[in-house]
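What follows is a set of notes on a single structure, which appears directly below.
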There are 2 protein chains.
Amino acid sequence: MIFNMKRADAATELSVLVDYLQGRDLKMTRPRQTVLEVFLGIEAHVTAEELYDAVRKVDPSIGQATVFRTVRLLEEAGLARSACRDDGARSYEHAYRHKHHDHLVCVDCGAIVEFREAEIERAQAAVYRKHGFEATGHSLELFGRCPACRRKGGTRA
Amino acid sequence: MIFNMKRADAATELSVLVDYLQGRDLKMTRPRQTVLEVFLGIEAHVTAEELYDAVRKVDPSIGQATVFRTVRLLEEAGLARSACRDDGARSYEHAYRHKHHDHLVCVDCGAIVEFREAEIERAQAAVYRKHGFEATGHSLELFGRCPACRRKGGTRA
DNA sequence: GATATATTGATAACCATTATCATTTGACGG
DNA sequence: CCGTCAAATGATAATGGTTATCAATATATC
Ligand SMILES: [Mn+2]
Ligand SMILES: [Mn+2]
Ligand SMILES: [Zn+2]
Ligand SMILES: [Zn+2]
């Protein structure tokens, strides 16, 4: 038996993972639980590498490959959502009990603001209909300069 | 002197490139012109690698590094636009005298349909305003199944 | 044409990610 | 509990797309 969560509210995510593993001949393991816990503790968009750095601080014995594998597993299980950033790196964010949203990204400081705009979603549905496509998902990123960076007039790096 | 275009209408793109090079201590070269011509002859979204394959058929002496370098140059000069695909590869498309548009992507066959939706653009502008961001650009991809693939009920690969 | 400098192509290096594989671990039945 | 066995692990090598290095070459200007 492995369980024994620290964050009370993370129990349900863990059960989602366990349910996903069940019947698939996959096993619940200590490294997987640690990766899940660390991931749930991060309220941001992280790459697998960044997640690995955070995981190491909790359990240095966990290998990089396991973190990469597990975060993919979390995505399959519906606990994480990933997207390929414009620089080519893949980032992950929480997906369980998180509503769909898109992102405003500051090109100067990298800040990310999440937003939902019903009108955009509606217009997208219309585009799908017009072209006879069946929707499976979309990615929208609005690039720009955030209020703080506009004030500074900065041009990072 | 290098010039001597085959496609009559490509002359203006070439002059855009030459103008960009001028005053920047950059030089117009035969490989650059070849890469530009081949690129202009492809009405699709291509990776640098795919462009390299096409360039080789015209001039096998041109190296891969030069194609990668040149296509980046074309982007800087405003002749190409690039985007990172979800699989991590970067693809390029024509940007000169091409209006902004977004993409519908078939997840089964990879087909790409370009579209412009004024309503989406308007709603995006509203999001920028609401959050005090200064817009610099955006990327929107609608993933789905195209009409042909829906009929086949296919699930590629 | 000679000169100075940018460009080239072959190659090595890079980075994020994935595959390989011997060893360890967890789930299950006894 | 313990044994069994497939699944998981971590170290490492390999991959794919891209960029850096560098000696040789081509270009613009004089
Ligand atoms: Mn988000
Ligand atoms: Mn396009
Ligand atoms: Zn900012
Ligand atoms: Zn299709």
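Quick note on labels: first sequence line is chain A, next is B, and so on, each numbered from 1.
Nearest-nucleotide mapping onto DNA chain D: of Q64(A) and S91(B), the residue sitting toward the 5' end is Q64(A). Along DNA chain C, the nucleotide nearest D25(B) and the nucleotide nearest T66(B) are compared for position; the residue whose nucleotide lies closer to the 5' end is D25(B). A residue-by-residue look at P31(A) and E49(B) shows that P31(A) has its nearest nucleotide of DNA chain D further toward the 5' end.
Between the CG atom of D86(A) and the C1' atom of dA16(C) there is a distance of 16 Å, given to the nearest Å. If you measure from atom CD1 of I62(B) to atom C1' of dA10(C), you get 15 Å, rounded to the nearest angstrom. The CG atom of D59(B) sits 12 Å away from the C1' atom of dT8(C) (whole-angstrom rounding). Atom CG of D87(B) is separated from atom P of dC15(C) by 21 Å (rounded to the nearest Å). In this structure, F68(A) atom CZ and dT12(D) atom P are separated by 17 Å, rounded to whole Å. Computed from coordinates, the R30(B) CZ to dT27(D) P distance equals 7 Å when rounded to whole Å. Between R72(B) atom CZ and dA20(D) atom C1' there is a gap of 10 Å when expressed in whole angstrom units. Protein atom CG of L26(A) is 15 Å distant from nucleotide atom P of dG26(C), rounded to whole Å.
For R69(A) against dG10(D), a side-chain N or O and a base N or O form a donor-acceptor pair under 3.5 Å. The base of dG26(C) does not come close enough to the side chain of R32(A) for any donor and acceptor atom to sit less than 3.5 Å apart. Between the side chain of K27(A) and the base of dA6(D) there is at least one donor-acceptor pair of N/O atoms closer than 3.5 Å.
Under the 4.0 Å criterion applied to side-chain N and carboxylate O atoms, E117(B) and K130(A) are assigned as salt-bridge partners. A salt bridge links R97(A) and E13(A); the closest N-O separation between the charged side-chain nitrogens and carboxylate oxygens is under 4.0 Å.
Heavy atoms of T47(A) sit nowhere under 4.0 angstrom from any nucleic acid atom.
Distances were taken from every side-chain heavy atom of R90(B) (C-beta onward) to each of dT27(D), dA6(C), dT18(D); the shortest belongs to dT18(D). Among the nucleotides dT18(D), dA28(D), dT7(C), the one closest to any side-chain atom of T29(B) is dT7(C).
Annotation: the span from R32(B) atom CZ to T34(B) atom OG1 amounts to 12.0 Å, rounded to 0.5 Å.
Classification of the F115(B)-H131(A) ring pair by plane angle, with boundaries at 30° and 60°, yields tilted.
Proximity of the aromatic rings of H94(B) and H45(B) is defined here by a centroid distance below 6.0 angstrom, and this criterion is not met.
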